[in-house]
Peer 1: 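Would you mind keeping the following structure in view while I ask a few things?
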Amino acid sequence: MACKIRFRMPEGVDIGPIDVPLTDKIFAVKERALAAWPEPSATFSVPPPPGPHAVKIILNGRVLDNGKTLREAKCVAGDVVVTCHLMVQVKHPPPSKSMVRAAGKTTEVAPGCGCVVS
């Protein structure tokens, strides 16, 4: 059996639907979604992520684990199109030492949370 999956991205762009066997692992599903990544246009300019590890697939409010199969994730098989949310993880680089010095902060971590109650 196969599952028809449409991937919806926060930018409002959809990928698919793509027919995926229920025995495929989530990692393989991510690879298929990246292979069908839309071309840049006037309404969509997000570059493709560096790889499947930079993508999260959300189905029914749950982030799917790479090691599980679609059957274990309880994906519906048949002619029904299942919509999953596709989120690209954006990692911000750590601030440089010059930025930290310019902000007047030290690199030492103070114990506690640093909250002040007045």
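All residue numbers in this chain count up from 1 along the given sequence.
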Peer 1: side-chain contact (heavy atoms from CB on, under 4.5 Å) for Leu64 and Ile58? Distances and angles first, verdict last.
Peer 2: CA-CA 6 Å; Leu64 301 183; Ile58 301 171; over 6 Å; no

Peer 1: Does Pro52 reach the side chain of Leu34, with side-chain heavy atoms less than 4.5 Å apart?
Peer 2: yes

Peer 1: Side chains of Asp24 and Thr69, heavy atoms from C-beta outward: is any pair under 4.5 Å?
Peer 2: no

Peer 1: Report yes if some heavy atom in the side chain of Val82 is under 4.5 Å from a heavy atom in the side chain of Lys4; otherwise report no.
Peer 2: no

Peer 1: Atom CZ of Arg32 and atom CG of Asp19: how far apart are they, to the nearest 0.5 Å?
Peer 2: 8.5 Å

Peer 1: Output the distance between atom OG1 (Thr23) and atom CG (Leu70), rounded to the nearest 0.5 Å.
Peer 2: 8.5 Å

Peer 1: Is there a donor-acceptor pair closer than 3.5 Å between any side-chain N or O of Lys25 and the backbone N or O of Lys68?
Peer 2: no

Peer 1: Specify the closest pair of heavy atoms between Ile15 and Ala33, including all atoms of both residues, with the distance to one decimal.
Peer 2: CD1-O, 3.9 Å

Peer 1: Are Leu86 and Val46 connected in a single hydrophobic cluster, I mean Ile/Leu/Val/Met/Phe/Trp/Tyr linked by side-chain heavy atoms less than 4.5 Å apart?
Peer 2: yes

Peer 1: Arg62 and Ala73: which non-hydrogen atoms are nearest, and at how many Å?
Peer 2: NH2-O, 3.1 Å

Peer 1: Say whether Trp37 and Phe27 are linked into one hydrophobic cluster, either directly or through other cluster members, by side-chain heavy-atom distances under 4.5 angstrom.
Peer 2: no

Peer 1: Would you say Val29 and Ile5 make side-chain contact, with heavy atoms under 4.5 Å?
Peer 2: yes

Peer 1: Find out whether Lys56 and Gln89 are in side-chain contact, i.e. whether some heavy atom of one side chain is under 4.5 Å from a heavy atom of the other.
Peer 2: yes

Peer 1: Within this structure, what is the CE-CD1 distance for the pair Met87 and Ile57, rounded to the nearest 0.5 Å?
Peer 2: 12.0 Å

Peer 1: To the nearest 0.5 angstrom, please state how far the CG atom of Asp65 sits from the CD1 atom of Ile26.
Peer 2: 8.0 Å

Peer 1: Can you tell me how far apart NE2 (His85) and CG (Asn60) are? Round to the nearest 0.5 Å.
Peer 2: 9.5 Å

Peer 1: Can you list the residues that meet the side chain to side chain contact (heavy atoms under 4.5 Å, CB included) rule with Arg6, with sequence neighbours excluded?
Peer 2: Arg8, Asp14, Val81, Thr83

Peer 1: CD1/Ile18 to SG/Cys3 distance, rounded to the nearest 0.5 angstrom?
Peer 2: 11.0 Å

